Q: 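What follows is a structure written as structure tokens; I'll ask about it next.
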Amino acid sequence: MYNTQANGPIYDNRGFQHEVQRPAPYSSQHNYPFLPQTTPSHDVGNPQIINTHSTTTPGAAHYPQQKKGTRKCHWKTGLCICLCVVVALAVIGILLWYFLYYQCLLGISCGAGGKCLSHSQWCDGVQDCSNGEDESQCFRLRGTSSILESYSANNQAWMPVCADNWDDNYGKTVCQQIGYSREDYVAYSQISPGSTASNGYMKLKPGGYPGLLLQSQLTHSLQCSARVVTLQCVECGRSSAGPSSRIVGGTEAVNGAWPWQVSLQINSKHVCGGSIISPYWILSAAHCFQRYSRPSLWGVSYGGVRLSQIPFSTTVERIINHEKYDSQTSDNDIALLKVREPLTFSTTVRPVCLPNAGMHFSAGSQAWITGWGALRSSGSTPDILNQAQVTIYSRETCNADQVLDGQVTQTMFCAGKLEGGVDTCQGDSGGPLVVKAGGVWWLAGDTSWGIGCALSNKPGVYGNVTYFIDWIYKQMQNN
């Protein structure tokens, strides 16, 4: 955490220095607009079959040997035409298989080059993909109220779940399908659907039970006698002590203000920050684990603000870096760590909330950054956790020539103070940028990179957690 101007624009916020697509629960609601991946179009011409014919010389009918030769020529011509037709049909068949099945242009693929399914086969309660991918992300939470939505295969749309006949057993089942543990479940409640029910509801069928794939028990309905379901899958985003008033530079945090902040350490020395998102999972930045990638090297310390007296620690079982992380551009700079033993929550240990669909951390939003990073570029690190308030900027502002010159991609956003003086720095990498909305704190970003520390017109850059929400839940489900 930095609160004094540094000299020289250098990259140094790097932590440890040594198809039509499947239904996407969150990606259409990303913090910043992005262009979806598209499949290149191909112009495939129809193979032309050239029909040849022979002419006979007048008078040839008087010469039997010429007739015999003509019959032989016609037989060869017919065979040639048949072969051409067979080859053409084979080529057309291969092209149709490649573009309609392998590339799955008219359906949705079970992963790259996997089985091609029709749209109606996704989220229908039947596992058609070998890994169950078609039924893995069929529920999502929307907005700060966490309204439960289910994907309707028939309508190809997200719809709120009606609370008729709903109970906590159904809530636990849905939270487990999203990626949380049944033991983390808090409660469900009911709320007015507002505009989310413009296309109707997903409603429990009579005589159902909370089975493994709950979407098989939901059906589309235009009516709902109750209100809609809101879910709290984990107790998150609440702190026992609020941050100090508006600040200019970093200040020391008090115990319990940021209970999700952790210190990721090697040989008991702080290297990077991270955020608790569930009892088993820590979210951080992929660049922290490029040189030291073995989970056994890393420890997680948490539950306090003073590194020298931090009360709890645990070991790491698994490190999952985003498979498309690019060390040159810092694209997709996000990672998940799974700890060996679940964390016990308290007033000083608690997860931050992952953002829901429909949430927008727009330009001008005020956010808070925390960490044990250097207090100046290449300077010393503090023993006490520091905090600072920053402003989120639009991508247009971030990518201006005089600011970050086009380096902020759709997987990132920038935040800080354009006048300088407030920023993350070395050692803050992977730590949280949080925004308060609806009475709780939401994890909007993870500290990724910067040019110098706290220089004017050089705000810090953060991984866009909203962009990665599908990826996060997928890892939690599969690991």
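Quantities reported herein were computed from a predicted structural model and do not represent experimental measurements. One-based numbering along the sequence shown.
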Q: So which atom in H287 and which in Y325 form the shortest heavy-atom distance, rounded to 0.1 Å?
A: CB-OH, 3.1 Å
Q: Is there a donor-acceptor pair closer than 3.5 Å between any side-chain N or O of R140 and the backbone N or O of N356?
A: no
Q: Under 3.5 Å, is there a donor-acceptor pair between the side chain of S240 and the main chain of T347?
A: yes
Q: Measure across P160 and T196 and return the closest heavy-atom pair with its distance rounded to 0.1 Å.
A: CD-O, 3.0 Å
Q: Judged by atom type as modelled, is there a donor-acceptor pair below 3.5 Å linking the side chain of Q232 to the main-chain atoms of A187?
A: no
Q: So W260 and W441, would you call those rings parallel, tilted or perpendicular, with 30° and 60° as cut-offs?
A: tilted
Q: Any disulfide bond (SG atoms under 2.5 Å apart) pairs touching residues 151-202, not counting sequence neighbours?
A: C162-C224, C175-C233
Q: Taking the side chain as everything from C-beta on, heavy atoms only, tell me whether F312 gets closer than 4.5 Å to S301.
A: no
Q: Give a yes-or-no answer on whether the side chains of Q410 and Y467 include a donor-acceptor pair shorter than 3.5 Å.
A: yes
Q: Main chain of S152, side chain of Q156: is a donor-acceptor contact present, judged purely on distance under 3.5 Å?
A: no
Q: In the structure I gave you, are the side-chain heavy atoms of D164 and K203 within less than 4.5 Å of one another anywhere?
A: yes
Q: If you round to the nearest 0.5 Å, how far is CG of D428 from SG of C272?
A: 9.5 Å
Q: Which atom pair, heavy atoms only, marks the closest approach of W258 to Q387?
A: NE1-OE1, 2.8 Å
Q: Rounded to the nearest 0.5 Å, what's the gap from CG on L231 to CD1 on I178? Could you check?
A: 6.5 Å
Q: Could you walk me through whether L404 and K458 pass the side chain to side chain contact (heavy atoms under 4.5 Å, CB included) test, one step at a time?
A: CA-CA 7 Å; L404 296 172; K458 295 294 179 278; 4.0 Å; yes
Q: Strictly by modelled atom types, are S308 and D383 linked by a side-chain donor-acceptor pair under 3.5 Å?
A: yes
Q: Are F139 and L218 close enough that some pair of their side-chain heavy atoms sits under 4.5 Å apart?
A: yes
Q: Is there side-chain contact between V300 and S313, with at least one heavy-atom pair below 4.5 Å?
A: no
Q: Calculate, to the nearest 0.5 Å, the distance between atoms OG1 and CD belonging to T329 and Q407 respectively.
A: 9.5 Å
Q: Considering all heavy atoms of both residues, which atom of C123 and which atom of A153 are nearest to each other, and what is their separation?
A: O-CB, 4.2 Å
Q: More than 12 non-hydrogen atoms from neighbouring residues, nucleotides or ligands closer than 6.0 Å to CD on E323, yes or no?
A: yes
Q: Could you walk me through whether L336 and W471 pass the side chain to side chain contact (heavy atoms under 4.5 Å, CB included) check?
A: CA-CA 10 Å; L336 288 174; W471 181 86; 3.9 Å; yes
Q: Got W158 and R142 here, is their nearest side-chain heavy-atom distance under 4.5 Å?
A: no
Q: May I ask you to decide if L455's main-chain N or O and D423's side chain share a donor-acceptor pair within less than 3.5 Å?
A: no
Q: How are the rings of W298 and F289 set to each other: parallel, tilted or perpendicular (split at 30° and 60°)?
A: perpendicular
Q: Ignoring hydrogens and angles, state whether a donor on the side chain of S189 or T230 is under 3.5 Å from an acceptor on the partner side chain.
A: yes
Q: K436 side chain to A367 main-chain N or O, any donor-acceptor pair under 3.5 Å?
A: no
Q: Using modelled atom types only, decide if a donor and an acceptor are shared between the side chain of T315 and the backbone of R340 within a distance under 3.5 Å.
A: no
Q: Please examine the side chains of M359 and F361, heavy atoms only from C-beta on, and report whether any two atoms are closer than 4.5 Å.
A: yes
Q: Side-chain contact test, heavy atoms from C-beta onward, threshold under 4.5 Å: evaluate it for Q177 versus L214 and give yes or no.
A: yes
Q: Please check if atom CD in Q402 has more than 12 non-hydrogen atoms from other residues, nucleotides or ligands closer than 6.0 Å.
A: yes
Q: Tell me, yes or no, whether the heavy-atom count around K205 atom NZ, taken from other residues, nucleotides or ligands under 6.0 Å, exceeds 12.
A: yes
Q: To the nearest 0.5 Å, what is the distance between SG (C110) and CD (Q121)?
A: 8.5 Å
Q: Any idea which heavy atoms bring Q215 and C138 closest together, and the distance?
A: NE2-SG, 3.6 Å
Q: Hey, does the side chain of D326 reach the backbone of Q328 with a donor-acceptor pair shorter than 3.5 angstrom?
A: yes
Q: Show your reasoning for whether side chain to side chain contact (heavy atoms under 4.5 Å, CB included) applies to L375 and N386.
A: CA-CA 9 Å; L375 298 179; N386 267 234; 3.9 Å; yes
Q: Decide, yes or no, whether a salt bridge links K324 with D331 under the criterion of side-chain N to carboxylate O below 4.0 Å.
A: no
Q: Given 3.5 Å as the limit, does a donor-acceptor pair link the side chain of R395 with the main chain of T409, or not?
A: yes
Q: Is there a donor-acceptor pair closer than 3.5 Å between any side-chain N or O of N464 and the backbone N or O of F413?
A: no
Q: Would you give the length of the straight line joining atom CD of E317 to atom CG of N479, rounded to the nearest 0.5 angstrom?
A: 9.5 Å
Q: Does the side chain of W281 come within less than 4.5 Å of M476's, by heavy atoms?
A: yes
Q: To the nearest 0.5 Å, what is the distance between CG (D446) and CD1 (I369)?
A: 13.0 Å
Q: Starting from the C-alpha separation in whole Å, work towards a yes-or-no answer on side chain to side chain contact (heavy atoms under 4.5 Å, CB included) for I282 and V316.
A: CA-CA 10 Å; I282 308 294; V316 176; over 6 Å; no
Q: What's the shortest heavy-atom distance between Y473 and Q137, and which atoms?
A: CB-NE2, 4.3 Å
Q: Let's go through F468 and H322 carefully: what are the C-alpha distance in whole Å and the side-chain angles of both, what is the deciding distance for ring-ring contact (aromatic ring centres under 6.0 Å, His included) to 0.1 Å, and is it a yes or a no?
A: CA-CA 9 Å; F468 296 115; H322 197 287; 5.5 Å; yes
